[in-house]
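Shown next, in structure tokens, is the structure this report addresses.
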Amino acid sequence: MSALMWIAVAVCGGAGACGRAWVDGVVTRHAAHQGAGTLTVNTLGCLLLGFITGFGAVSPALTLGFLGGFTTFSTAMLDIVERAGQRGFHWAILLVLQVLAPGLAYFLAQSLGALAAA
């Protein structure tokens, strides 16, 4: 990757992070439950990444930079789809479990903390 592309990725990553903060803030203010902002950002990021890659408009500044700063979840989903195409469905399943594992670990730790506090 050229020096100019590195700069573009960095600038677009900052813009994506700002976009995430804005969308998350707007949704959180109007949502009925906690986490709606993150869910919205991650879903929107995946939809945008799917749309962009579907049109073949893949650019590191846009995908790694903007969407990477907007949400790391969309980048993880792209990795899963690419690995499934390269190595097969079983690799995709393993990667999905890898993406879900931290969330499950958080849930278990939160539940154990609540039990310990009770």
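Excluded from the calculations below are hydrogen atoms, water molecules and symmetry mates; all remaining heavy atoms, backbone and side chain alike, are included.
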For residues 43-52, which side-chain N or O atoms pair as donor and acceptor with protein atoms under 3.5 Å away, sequence neighbours left out?
from: T43; atom 1: OG1; to: L39; atom 2: O; distance (Å): 2.8

Name every donor-acceptor pair, under 3.5 Å, that has one atom in a side chain of residues 10-17 and the other anywhere in the protein, sequence neighbours excluded.
none

How about V9 and F66: do any of their side-chain heavy atoms sit closer than 4.5 Å?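 Side chain of V9 against side chain of F66, heavy atoms only: no contact under 4.5 Å found.
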If the test is side chain to side chain contact (heavy atoms under 4.5 Å, CB included), which one of V41, T28, T71 qualifies with V23?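 So, applying the side chain to side chain contact (heavy atoms under 4.5 Å, CB included) to V23 and each of V41, T28, T71, only V41 qualifies.
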I need the M1 CE to L64 CG distance, nearest 0.5 Å.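 The CE atom of M1 sits 6.0 Å away from the CG atom of L64.
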Spacing of CG belonging to L67 relative to CZ belonging to R20, to within rounding of 0.5 Å: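 Reported to 0.5 Å precision, the distance equals 12.0 Å.
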Would one find more than 12 heavy atoms of other residues, nucleotides or ligands at under 6.0 Å from atom NE2 of H90?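 Yes - once you tally the heavy atoms of other residues, nucleotides and ligands closer than 6.0 Å, there are more than 12.
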For residues [X] and [Y]: do they belong to one hydrophobic cluster (side chain heavy atoms under 4.5 Å, members Ile, Leu, Val, Met, Phe, Trp, Tyr)?
X	Y	answer
V58	M5	no
W22	V27	yes
L62	L4	no

